[in-house]
Amino acid sequence: MIVTHGSRARRRVALTFDADLTSAMRARLVAGTVDSYADMRIVDHLVATRTPATFFFTGLWMATYPAETRRIGDHDLFELATHSETHRGFRPQCYTLGLAPPEEWHDEVVRPVATLETLTGRATRYFRFPGGCHTDEALRAVLDTGATVVHWDVESGDAFCDSADHIVDTVVPAVRPGSIVLFHIGGPNAPRTADALPRILAALAEQDLTPVTVSELLAG
Ligand SMILES: [Zn+2]
């Protein structure tokens, strides 16, 4: 089973941020064609407003941004989770993500958990499939590692979106009690998330929807 939302009876929501990094993205960083895939304005704003959130890290992102990973992990406001090692698909035709072969699935799930513990001293059971893509067999393999798979019911549309208005107008009408909202922390892959965030937090407050971590959303 995959978690996509929490209780609809309580006015709480979970804001989640995926820290994607593929080997192709890493090559762009190395070549200097992209400056950064870590928009830390998002983290700064969450900290400044004391807003709980949950981050889903790929192993490659943590390896590329160890200081940023530690900085996020230093805050009790934030819950930490994982999002595979290399952000490849767990089924064919997952956008343009390519395919992680079945013999690599176990490593794709457990390696970033170990990296997260090494960098932050914090553990997690929460895993999210890259692109949300999986087969039944892949889901079974991931659940067999003891992970809980956490997806979302509100997709912010922030990926490759250059309009903060569009992100606000996608999230605000869709979000409701128990929602898990998907964002990215991806620099040029999510260039307007940080700009949309203050407006989304204001809209949540107006609707009396309180952001909590995924664990808090799912507790009780
Ligand atoms: Zn992702």
Side-chain angles (χ1 to χ4, degrees), residues 2-5 14-29 34 36-40 42-43 46 53-65 68-69 72-73 78-101 104-105 107-113 115-116 119 124-135 138-139 141-142 145 147-162 166-167 170-171 174 179-194 196-197 213-214:
I2 295 181
V3 173
T4 58
H5 64 83
L15 307 181
T16 68
F17 296 86
D18 288 1
D20 295 357
L21 205 73
T22 64
S23 51
M25 288 161 71
R26 180 125 100 167
R28 282 178 218 125
L29 285 174
V34 167
S36 174
Y37 286 107
D39 189 345
M40 296 302 280
I42 292 167
V43 176
L46 293 169
T54 303
F55 290 86
F56 288 78
F57 295 104
T58 58
L60 277 181
W61 197 95
M62 289 186 280
T64 306
Y65 297 109
E68 288 80 356
T69 304
I72 294 168
F78 301 139
E79 181 155 42
L80 314 179
T82 62
H83 189 40
S84 84
E85 180 64 19
T86 60
H87 206 260
R88 286 176 295 171
F90 282 64
R91 67 163 164 75
Q93 281 92 46
C94 179
Y95 306 97
T96 57
L97 294 181
L99 177 66
E104 295 180 20
W105 287 346
D107 267 10
E108 282 286 320
V109 177
V110 301
R111 276 184 63 195
V113 175
T115 304
L116 187 70
L119 286 175
T124 186
R125 288 191 313 124
Y126 294 142
F127 174 85
R128 176 174 280 169
F129 282 106
C133 303
H134 62 88
T135 59
L139 178 58
V142 171
T145 70
T148 298
V149 178
V150 177
H151 282 182
W152 57 87
D153 65 338
V154 177
E155 185 164 357
S156 69
D158 68 344
F160 305 103
C161 174
D162 200 30
H166 177 80
I167 300 167
T170 302
V171 171
S179 282
I180 298 174
V181 188
L182 167 66
F183 297 98
H184 298 82
I185 190 171
N189 281 21
R192 296 289 164 232
T193 310
L197 186 59
T213 62
V214 166

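Indexing begins at 1, ligand by ligand and atom by atom, following the structure's order. Scope of the values below: all heavy atoms of this structure, side chains included, with no hydrogens, waters or symmetry mates. For clarity, every value in this text was computed on a predicted model and none was experimentally measured.
For Thr4 and Asp153, the side-chain atoms include no donor-acceptor pair closer than 3.5 Å. Checked by atom type, the side-chain pair Thr170/Glu155 shows no donor-acceptor distance below 3.5 Å. There is no side-chain donor-acceptor pair under 3.5 Å between Thr135 and Arg91.
Around the Zn ion (ligand 1), the protein atoms of type N, O or S that sit closer than 2.8 Å are Asp20 OD1, Asp20 OD2, His83 NE2, His87 NE2.
In this structure Cys161 satisfies the disulfide (SG to SG under 2.5 Å) test with no other residue, sequence neighbours excluded.
Note on ring orientation: taking the six-membered ring where Trp is involved, the planes of Trp61 and Tyr65 are tilted (angle from 30° to 60°).
Taking a cutoff of 4.0 Å between a charged side-chain nitrogen and a carboxylate oxygen, Asp162 and Arg192 qualify as a salt bridge.
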